[in-house]
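Notes to accompany the following structure.
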Amino acid sequence: MSTDFQPKSEFLRTLQERGYIHQCSDLAGVDEKAAAGELVAYIGFDCTAASLHIGSLVQIMMLRWLQKTGAGKPISLMGGGTTRVGDPSGRDESRQLLTVEQIEKNKDGIKQVFTKFLTFGDGKTDALMTDNAEWLTALKYLDFLRDVGRHFSVNRMLSMDSVRMRLERDQELSFIEFNYMCLQAYDFAELNRRLGVNLQMGGSDQWGNIVTGIDLGRRMGTPQLYALTSPLLTTASGAKMGKTASGAVWLNADMLPVYDYWQYWRNTEDADVGRFLRLFTELPMDEIRRLEALDGADINEAKKILANEATAMLHGREAAERAAETARKTFEEGVMATSLPTIEIPRAEFDAGVGVLSAFVKAGLVASTGEARRQIKGGGLRVNDVAASDERATLSASDLTGEGVVKLSLGKKKHVLLKPV
RNA sequence: GGGGGAAUGUCCCGAGCGGCAAAGGGGGCGGACUGUAAAUCCGCUGGCUAAGCCUUCGCAGGUUCGAGUCCUGCUUCCCCCA
């Protein structure tokens with residue numbers, strides 16, 4: 001926001017010109033700390049799934065810039081404790097409580113991604129990972145109420161967006177969810193005590209929770225704490241980012257193949273290219289301005305660069321180039337690339353004869369044989385680039401290409417190789 | 001405590017005289033057009049060993065040849081009165 005603020009720190013200047021900033025409790029205060037390299041900033045991540053998805057990428061990038069610009073120390077906080085409670089922010093309905101085992105498993109999956117974006121260690125700007133289960137699970141109810149709870153004003157809590165929304169719509173808000181913001185606020189104060197944290201960042205939906213933490217900190221006698229949130233990202237067409245029909249755009253490669261990740265960025269809408277280049281790559285601003293100015297079909301070049309850069313940051317340069325090459329062969333040369341996502345199937349099963357329908361189901365391109373039938377009617381399925389028309393057909397050795405695979409396609413963009421082993 | 005509503009296709013919203021695999025949207029997927037974009041138009045949007053069979057309308061029973069629809073009990077939510 002505050003477009004007229006001129007940051008002197010490289011950190012805030014970068015965040016501002018790249019569009020990461022939605023709201024900040026005190027730009028000048030954060031700027032000063034950043035310039036002195038004295039920020040200790042954290043972002044909390046819920047452990048509701050086994051991997052983070054693109055929706056969390058903006059936040060992760062903020063931590064990365066913090067480190068890269070030498071503004072301070074980035075801390076990624078696993079919500080091992082808070083996830084047991086469940087954040088009501090931005091949700092119409094209560095979410096189902098996850099089991100503790102599930103949360104632990106998710107945590108392991110989520111942790112992986114941070115090592116790709118941040119450098120961990122003990123140095124001043126080295127990143128740190130911690131887990132609020134460490135202190136939250138040990139809390140005693142009465143002690144917590146007396147030491148922390150007395151600082152919360154229910155009047156104020158009721159006016160928070162996340163709460164008010166539920167109340168106004170007469171939707172259930174359980175007591176446990178109501179407590180979420182108390183725990184998150186307590187995290188902020190506790191992290192200040194433990195690690196000297198002075199800044200919490202997050203998505204714009206976290207503003208209320210973060211500010212509540214600042215408030216609690218003041219009442220509990222911490223030094224001044226700061227809040228900085230990023231805008232909620234939607235595509236130019238208004239869709240929430242990170243969700244596709246086949247599920248979220250996961251960051252972990254075992255949940256979304258690198259090729260598919262690359263493709264996600266490659267298919268960015270024209271109108272989003274500039275914004276995404278700023279947020280999800282580290283290309284110099286001059287270069288970005290040049291790329292987003294490209295007209296018509298030329299902007300496809302910018303999309304490829306976006307895909308390359310974004311994929312390289314997460315999965316490594318080499319994997320990104322492989323994905324780019326696979327895409328080039330597939331789309332520009334119309335050749336079959338053996339590096340397309342591959343599903344293996346036991347040789348014996350293949351030799352026994354696999355129906356086209358179930359082959360597409362196995363490949364994960366369709367959810368059921370029924371859907372496969374419908375797609376065939378609509379002309380959406382292809383075997384080795386030839387439209388499938390007979391739903392009773394069976395794949396056999398004669399369908400194998402020189403590389404010993406069968407190429408299955410759904411639409412023009414989704415391809416999977418089926419490989420008997 | 002009393003009275004009145006509501007719950008529908010496992011993405012969401014929502015219609016539904018006893019003949020219903022269940023209208024219509026949104027979203028999503030596919031096709032056409034393009035540039036692997038957007039917009040637009042068209043099709044599809046319970047499962048299967050598929051001219052048949054099976055499972056779906058909060059839960060459990062009942063009436064009926066036949067129940068999303070009628071009856072009884074229960075659960076949850078909302079509104080009004082106290």
Side-chain angles (χ1 to χ4, degrees), chain A residues 49 53 90-96 166-174 234-249 259-277 291-308 310-311 323-335 337 340-341 352-383 385-394 408-416:
Chain A
H53 58 81
R91 302 201 121 239
D92 280 356
E93 290 165 20
S94 303
R95 63 170 106 218
Q96 193 146 26
R166 291 274 190 94
L167 295 181
E168 279 173 2
R169 297 193 197 169
D170 289 322
Q171 276 158 343
E172 167 82 1
L173 175 71
S174 70
T234 54
T235 67
S237 328
K240 257 188 215 149
M241 265 197 84
K243 301 275 182 185
T244 69
S246 36
V249 182
Y259 174 74
D260 290 337
Y261 188 77
W262 191 93
Q263 279 295 323
Y264 176 80
W265 294 109
R266 176 59 184 72
N267 287 314
T268 297
E269 294 177 31
D270 287 7
D272 287 326
V273 172
R275 199 156 55 99
F276 287 0
L277 281 168
L291 289 171
E292 70 180 335
L294 291 173
D295 263 337
D298 287 341
I299 202 161
N300 282 325
E301 287 313 308
K303 292 184 189 181
K304 285 180 205 165
I305 291 173
L306 169 64
N308 286 340
T311 305
E325 179 59 15
T326 303
R328 199 182 59 77
K329 278 188 186 155
T330 307
F331 288 98
E332 293 174 27
E333 289 179 18
V335 176
L340 284 168
V354 176
V356 243
L357 299 177
S358 55
F360 276 94
V361 174
K362 279 186 209 307
L365 290 169
V366 294
S368 65
T369 60
E371 186 184 340
R373 274 172 223 273
R374 280 181 237 120
Q375 289 292 7
I376 284 179
K377 266 185 215 132
L381 297 187
R382 277 171 299 144
V383 177
D385 296 317
V386 178
S389 54
D390 178 10
E391 55 184 49
R392 293 168 162 280
T394 301
L408 303 177
S409 313
L410 168 65
K412 294 193 173 60
K413 295 185 188 175
K414 293 177 204 119
H415 310 279
V416 167

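Just so we're on the same page: letters track the sequence lines, and every chain starts at 1. FYI, side chains are in, hydrogens and waters are out, and symmetry mates aren't considered; it's all heavy atoms of this structure. Keep in mind the model is a prediction, meaning the values are calculated, not measured.
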What's the [atom1]-[atom2] distance between [X] and [N], to the nearest Å?
{"X": "A:N267", "N": "B:G28", "atom1": "CG", "atom2": "C1'", "result": "15 Å"}
{"X": "A:D270", "N": "B:A39", "atom1": "CG", "atom2": "P", "result": "11 Å"}
{"X": "A:Y261", "N": "B:U36", "atom1": "OH", "atom2": "P", "result": "22 Å"}
{"X": "A:W265", "N": "B:G35", "atom1": "CH2", "atom2": "C1'", "result": "20 Å"}
{"X": "A:D272", "N": "B:A37", "atom1": "CG", "atom2": "P", "result": "14 Å"}

Contacts of type side-chain hydrogen bond (donor to acceptor under 3.5 Å, both in side chains), residue A:S409, not counting sequence neighbours: A:H415

Any residue meeting side-chain hydrogen bond (donor to acceptor under 3.5 Å, both in side chains) with A:D298, in chain and number order, not counting sequence neighbours: none

[atom1] gap between [N] and [M], integer Å:
{"N": "B:A21", "M": "B:G30", "atom1": "P", "value": "30 Å"}
{"N": "B:A6", "M": "B:G58", "atom1": "P", "value": "12 Å"}
{"N": "B:U8", "M": "B:U69", "atom1": "C1'", "value": "11 Å"}
{"N": "B:A67", "M": "B:A39", "atom1": "C1'", "value": "46 Å"}
{"N": "B:G43", "M": "B:G24", "atom1": "P", "value": "11 Å"}
{"N": "B:C13", "M": "B:G61", "atom1": "P", "value": "27 Å"}
{"N": "B:G16", "M": "B:G68", "atom1": "C1'", "value": "8 Å"}
{"N": "B:C33", "M": "B:C41", "atom1": "C1'", "value": "9 Å"}

Just name whichever nucleotide pairs with [N], Watson-Crick or G-U, keeping both distances under 3.5 Å, else none.
{"N": "B:G73", "result": "B:C59"}
{"N": "B:G1", "result": "B:C81"}
{"N": "B:A51", "result": "none"}
{"N": "B:G43", "result": "B:C29"}

For B:C33, glycosidic torsion class - syn if within 90° of 0, otherwise anti: anti

Could you pull out the protein-nucleic contacts involving nucleotides 30-33 of chain B (nitrogen or oxygen on both sides, under 3.5 Å)?
from	atom 1	to	atom 2	distance (Å)
B:G30	OP1	A:K414	NZ	2.8
B:G30	O4'	A:Q375	OE1	3.2
B:G30	O2'	A:G378	O	3.4
B:A32	OP2	A:K412	NZ	2.5

Residue met sooner reading RNA chain B from 5', once A:A297 and A:L357 are mapped to nucleotides: A:A297

Got a sec, which residues hit side-chain contact (heavy atoms from CB on, under 4.5 Å) with [X], two or more places apart in sequence or on another chain?
{"X": "A:A293", "result": "none"}
{"X": "A:A388", "result": "A:I376, A:L381, A:V383"}
{"X": "A:A302", "result": "A:V273, A:L291, A:L294, A:I299"}

Short side-chain to backbone donor-acceptor contact, A:K414 and A:L365, under 3.5 Å: no

Main-chain N/O of A:G411 paired with A:R382 side-chain donor or acceptor, under 3.5 Å: yes

Of all pairs that satisfy side chain to side chain donor-acceptor pair (under 3.5 Å), the ones with a partner from residues 361-378 of chain A, not counting sequence neighbours: A:E349-A:K362, A:R373-A:E391

Residues that A:K304 engages under salt bridge (Lys or Arg N to Asp or Glu O under 4.0 Å), provided they are two or more places apart: A:E301, A:E332

Any residue meeting salt bridge (Lys or Arg N to Asp or Glu O under 4.0 Å) with A:D260, in chain and number order, not counting sequence neighbours: none

How far apart are the closest heavy atoms of [X] and [Y], and which atoms are they?
{"X": "A:A324", "Y": "A:N308", "value": "CB-OD1, 3.3 Å"}
{"X": "A:V249", "Y": "A:Y261", "value": "CG1-CD1, 4.0 Å"}
{"X": "A:A327", "Y": "A:W262", "value": "CB-CZ3, 3.3 Å"}
{"X": "A:V361", "Y": "A:A367", "value": "CG1-O, 4.3 Å"}

Distance (rounded to the nearest 0.5 Å) between A:N267 CG and A:D272 CG: 12.0 Å

Residues from residues 298-308 of chain A lying under 4.0 Å of RNA chain B - heavy atoms: A:I299, A:N300, A:K303

Could you list the protein-to-nucleotides 52-57 of chain B atom pairs, N/O on both sides, closer than 3.5 Å?
none

Sugar-phosphate only, base, or nothing, as touched by A:Q263 at under 4.0 Å among non-hydrogen atoms: base

Identify the pairs formed between an N or O of the protein and an N or O of nucleotides 45-48 of chain B at a distance under 3.5 Å, and give each distance.
from	atom 1	to	atom 2	distance (Å)
B:G47	OP1	A:S368	OG	2.9
B:G47	OP2	A:R374	NH2	2.4
B:C48	OP1	A:T369	N	3.3
B:C48	OP1	A:T369	OG1	3.4
B:C48	OP2	A:T369	OG1	3.0
B:C48	OP2	A:G370	N	3.0

